[in-house]
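Below: the structure, in structure tokens.
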Amino acid sequence: MLYNHHIFCCTNRREPGSKRGCCAEKNADSLRDYMKKRVKELGLPKVRVNAAGCLDRCELGPCLVIYPEGTWYACKTEADVDEVIASHLQGGKVVERLKLPG
């Protein structure tokens, strides 16, 4: 299937006490699950939400990247996820306050 948006959410887990931290210790799993649930509830066509291994931005996380645009975000709350869904996925506009440098 060809997707309009393919979202990779980092759920990487590092050793406790790692200097860089990890997305998993910042609630990444439940935020990914929440995004997946909301996309399904909203019936967004051709949108896929996946877990990903390390996206190498641990200290900024939890991180996700949306393709095909290649837009990176740090979503720390469910409200952040909702904003990305509404603005980026539904409205086609980047959420500048959550965007990470590409």
Side-chain angles (χ1 to χ4, degrees):
M1 168 181 257
L2 184 59
Y3 298 107
N4 292 332
H5 298 287
H6 201 154
I7 304 153
F8 294 91
C9 302
C10 182
T11 58
N12 188 56
R13 185 171 308 279
R14 292 183 186 275
E15 291 293 319
S18 169
K19 186 168 69 171
R20 292 184 69 197
C22 67
C23 290
E25 70 185 11
K26 298 172 187 166
N27 205 28
D29 288 315
S30 60
L31 289 170
R32 188 253 354 262
D33 291 346
Y34 177 77
M35 180 176 243
K36 199 171 198 171
K37 180 183 94 168
R38 290 297 297 141
V39 163
K40 187 174 183 175
E41 287 173 352
L42 293 167
L44 299 183
K46 297 184 179 181
V47 175
R48 173 85 179 183
V49 179
N50 281 99
C54 185
L55 296 175
D56 202 27
R57 295 193 149 175
C58 312
E59 55 282 344
L60 304 173
C63 298
L64 63 87
V65 60
I66 301 177
Y67 289 108
E69 301 91 329
T71 305
W72 291 78
Y73 290 110
C75 292
K76 299 179 187 311
T77 67
E78 289 181 358
D80 291 346
V81 170
D82 287 335
E83 189 173 353
V84 168
I85 290 170
S87 183
H88 190 118
L89 300 181
Q90 293 178 303
K93 295 180 182 174
V94 171
V95 182
E96 292 297 333
R97 73 176 193 85
L98 299 174
K99 186 178 178 219
L100 295 173

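- In this structure, V65 is not a member of the same hydrophobic cluster as V47, with clusters built from ILVMFWY side-chain heavy atoms closer than 4.5 Å.
- Using a 4.5 Å heavy-atom threshold, the side chains of R14 and C54 count as touching.
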Under 3.5 Å, which donor-acceptor pairs link side chains of residues 70-77 to any protein atom two or more places apart or in another chain?
unit_1: Y73; atom_1: OH; unit_2: H88; atom_2: ND1; d: 2.7
unit_1: Y73; atom_1: OH; unit_2: V95; atom_2: N; d: 3.1
unit_1: K76; atom_1: NZ; unit_2: L60; atom_2: O; d: 3.1
unit_1: K76; atom_1: NZ; unit_2: G61; atom_2: O; d: 2.9
unit_1: T77; atom_1: OG1; unit_2: A79; atom_2: N; d: 3.3
unit_1: T77; atom_1: OG1; unit_2: D80; atom_2: N; d: 3.0
unit_1: T77; atom_1: OG1; unit_2: D80; atom_2: OD1; d: 3.4

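- A 4.5 Å side-chain heavy-atom check between V94 and E69 finds every atom pair outside the cut-off.
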Verdict with reasoning, R13 to D29, per side chain to side chain contact (heavy atoms under 4.5 Å, CB included):
CA-CA 10 Å; R13 185 171 308 279; D29 288 315; 3.5 Å; yes
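- A donor-acceptor contact shorter than 3.5 Å is absent between the side chain of T11 and the backbone of A28.
- Note: R32 CZ to C23 SG = 12.0 Å, rounded to the nearest 0.5 Å.
- Scanning all heavy atoms of the two residues, the minimum distance from C22 to C58 falls at CA-CB, 4.3 Å.
- The minimum heavy-atom distance linking K26 with L31 is given by the pair O-CD1, 4.3 Å.
- Atom CG in L42 sits 10.5 Å away from atom NZ in K37 (nearest 0.5 Å).
- Separating the NE2 atom in H5 from the CG atom in L44 is a distance of 8.5 Å, to the nearest 0.5 Å.
- The CG atom of L89 sits 5.0 Å away from atom CD1 of I66, with the distance rounded to the nearest 0.5 Å.
- Nearest heavy-atom pair, Y3 versus H6, reported as atom, atom and distance to 0.1 Å: CD1-ND1, 3.9 Å.
- Closest non-hydrogen pair, L2 versus K46, comes out as O-CD, 3.4 Å.
- Residues Y34 and L98 fall within the same hydrophobic cluster, defined by Ile, Leu, Val, Met, Phe, Trp and Tyr side chains chained together at heavy-atom separations under 4.5 Å.
- With values rounded to the nearest 0.5 angstrom, R57 atom CZ is found 14.5 Å from N12 atom CG.
- Each of L55 and I7 belongs to its own hydrophobic cluster when Ile, Leu, Val, Met, Phe, Trp and Tyr are linked at side-chain heavy-atom distances under 4.5 angstrom.
- Note that the CZ atom of R48 and the NZ atom of K36 stand 6.0 Å from one another [nearest 0.5 Å].
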